[in-house]
Amino acid sequence: MGTSASAFVESSDLAHPLQAGSRHLSRKCYIKEFMSAPNSRFIRACKALPVDRTPVWFMRQAGRYMSEYRAVRKQHSLIDICKKPELAAEVTITAAEALGVDAAIIFADLLLPLEVMGLPFRFEAAEGPVIEKPIREHADISRLRTDRASDLGYVSDAIRLVCKHFGDHLPLIGFCGAPFTLASYMVEGGGSRNYVHTKKMMYSSTAAWDELMQKLVAVTSEYAAEQVQAGADTIQIFDSWVGCLSVEDYRRYVVPHVTKLVQKLQATGVPVIYFGTDSATLLSTMKETGAEVIGLDWRIPLDEGWRQIHFRGAVQGNLDPVLLFAEWKELQSRAEHILALAAKRPGHIFNLGHGILPETPVENVKRLCQFVREHSAK
Ligand code: CP3
């Protein structure tokens, strides 16, 4: 376990995959140089390798449903927690240990890169995220900065603390937003129902849209690569709202950019998880980005989703988060059903179809985790 000097690859891209002009440099780079738990059950499953039982973790496993998190939130704002590595590490570790999951996910927020690009935002209790000056014109996009990703170093600092704590016992997931989902917040100014401003820009100012996507890929790829260098074992790309697009629009306006992001991240040596919701019609196109793991929400049976990507690579999902509010018998039978649909094929990571909701009974999350561990080992 731990770092291994045995597996190295020769590559022109690996050492500094994100710096322009690095392509001509031929370097040897150990792909496991940075990863903390490359041989863990979870990372093996990401690569669709056989494992002893199904790995399990939950999106938003550190959140308001958990009393330990609420206690920290009483003293600190969400952004404070993100920006103080000791606090972010504590919240990350506490949730992973309380649940007994097979991976931790670094505590941060999807929108942090907006600030370093020049778009300040805040969280309003009733509304969620609010971007102070949404971008609507080409000139707004031209002003966005791409040279300050390293100002997000507090996230990597938190990752280093978590990795020091877990060593190679538990893998750590880093994450970033996908360009479409981040753009939707930047353009709408917050959450949205119909994404009118975002789609309007996409359809009528395609050059501006492409520039925005490119800038987002530049910043998020550098940010996520720093997370890998700090010890993250995989990067999950959250494209939470991409399901609002038709397949044609997704393919034309989004896929080329996400594919670049996936390639840049893979050049760091880690497997990539690509997650979206409302994505049943997009799955085979999402797979064309080359991501090793595709996230499945709850709207499609697990085996059907997997079949759509021809059982190539791994899938993660896909229990409806609202089932955690049901009686244990129902919750258990639905979890059992998902495991049956996975049919012990290598490459299933048990998760919800989206994040844990704030009012979720924590005991059900713990019991579900234990059930998946025990039941999948049989
Ligand atoms: O999963 C984890 O445990 C890691 C932490 C994490 C947070 N945000 C912390 C957080 C992760 C992975 C995210 C990602 C994120 N942030 C996404 C993508 C995931 C998804 O749900 O699709 C999005 C869209 C955001 C933006 C964002 N941040 C929203 C829409 C909200 C909700 C606002 C609300 O009040 O519910 C947040 C706030 C947020 N980020 C919370 C947490 C734990 C809850 C609010 C809090 O503690 O005050």
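Every number for a ligand or one of its atoms is a count from 1 in the order of the listing.
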- Message: Would you call the rings of Tyr203 and Tyr253 parallel, tilted or perpendicular, taking 30° and 60° as the class edges?
- Response: perpendicular
- Report, in ascending order of atom number, the atoms of ligand 1 lying under 4.0 Å from any heavy atom of Tyr185. 24 (C), 30 (C)
- Proximal atoms of ligand 1 relative to Ser240 (non-hydrogen, under 4.0 Å): 18 (C), 19 (C), 20 (C), 22 (O)
- Item | Closest protein heavy atom to atom 38 (C) of ligand 1, given as residue, atom name and distance to 0.1 Å | Leu78 CD2, 3.5 Å
- To which protein heavy atom is atom 31 (C) of ligand 1 closest, and what is the distance rounded to 0.1 Å? Arg60 NH2, 3.8 Å
- Identify the heavy atoms of Val219 and Pro113 that sit nearest to each other, and give their distance. CG1-CB, 4.2 Å
- For atom 33 (C) of ligand 1, grab the closest protein heavy atom and report residue, atom and distance to one decimal in Å. Gly128 CA, 3.8 Å
- Could you list the atoms of ligand 1 found under 4.0 angstrom from a heavy atom of Phe175? 11 (C), 12 (C)
- Query: Out of Ala108, Ala96, Pro129, Cys176, who gets a non-hydrogen atom closest to atom 29 (C) of ligand 1?
  - Reply: Pro129
- Message: Polar contacts were defined as any N/O atom of the residue lying under 3.5 Å from an N/O atom of the ligand; does this apply to Arg64 and ligand 1?
- Response: yes
- Query: Would you say Thr181 touches ligand 1, if touching means a heavy atom closer than 4.0 Å?
  - Reply: no
- Any sub-3.5 Å donor-acceptor pair from Glu68's side-chain atoms to Ala98's backbone N or O? no
- Heavy-atom nearest neighbour in the protein, as seen from atom 47 (O) of ligand 1, with distance rounded to 0.1 Å: Tyr69 OH, 2.5 Å
- Query: So Phe275 and His354, would you call those rings parallel, tilted or perpendicular, with 30° and 60° as cut-offs?
  - Reply: tilted
- Query: Of all the non-hydrogen atoms in the protein, which one sits nearest to atom 37 (C) of ligand 1, and at what distance?
  - Reply: Phe123 CE2, 3.4 Å
- Task: Please report which non-hydrogen protein atom sits nearest to atom 19 (C) of ligand 1, along with the residue it belongs to and the distance in Å to one decimal place.
- Result: Phe238 CD2, 3.4 Å
- Task: Evaluate side chain to side chain donor-acceptor pair (under 3.5 Å) for His375 paired with Gln332, printing each intermediate quantity in order.
- Result: CA-CA 10 Å; His375 189 76; Gln332 179 185 358; over 6 Å; no
- Note on the structure: For Val51 and Arg44, the nearest pair of non-hydrogen atoms, with its separation, is CG1-CB, 3.7 Å
- Over all heavy atoms of both residues, which pair between Pro179 and His257 is shortest? Give the atoms and the distance, please. CG-CB, 4.2 Å
- What part of Ile106, side chain from CB on, backbone N/CA/C/O, both or neither, has a heavy atom under 4.0 Å from ligand 1? backbone
- Task: Please work out which of Asp109, Val91, Leu110 has its closest non-hydrogen atom nearest to atom 27 (C) of ligand 1.
- Result: Asp109
- Message: Tell me whether the rings of Phe107 and Tyr69 are parallel (<30°), tilted (30 to 60°) or perpendicular (>60°).
- Response: tilted
- Query: Among Arg73, Met66, His354, which residue places a heavy atom closest to atom 20 (C) of ligand 1?
  - Reply: His354
- Message: Using a 3.5 Å distance criterion without hydrogens, assess whether the side chain of Glu188 forms a donor-acceptor pair with backbone atoms of Thr198.
- Response: yes
- Query: Which atoms of ligand 1 are found less than 4.0 Å from any heavy atom of Ala62?
  - Reply: 3 (O), 43 (C)
- Salt-bridge criterion met for Arg53 and Asp102 (N-O under 4.0 Å): yes
- Item | Validation row, ring centre Phe121 to ring centre Tyr185 under 6.0 Å | no
- Task: For Gln61, take its heavy atoms, then give the atoms of ligand 1 lying under 4.0 Å from any of them.
- Result: 1 (O), 2 (C), 3 (O)
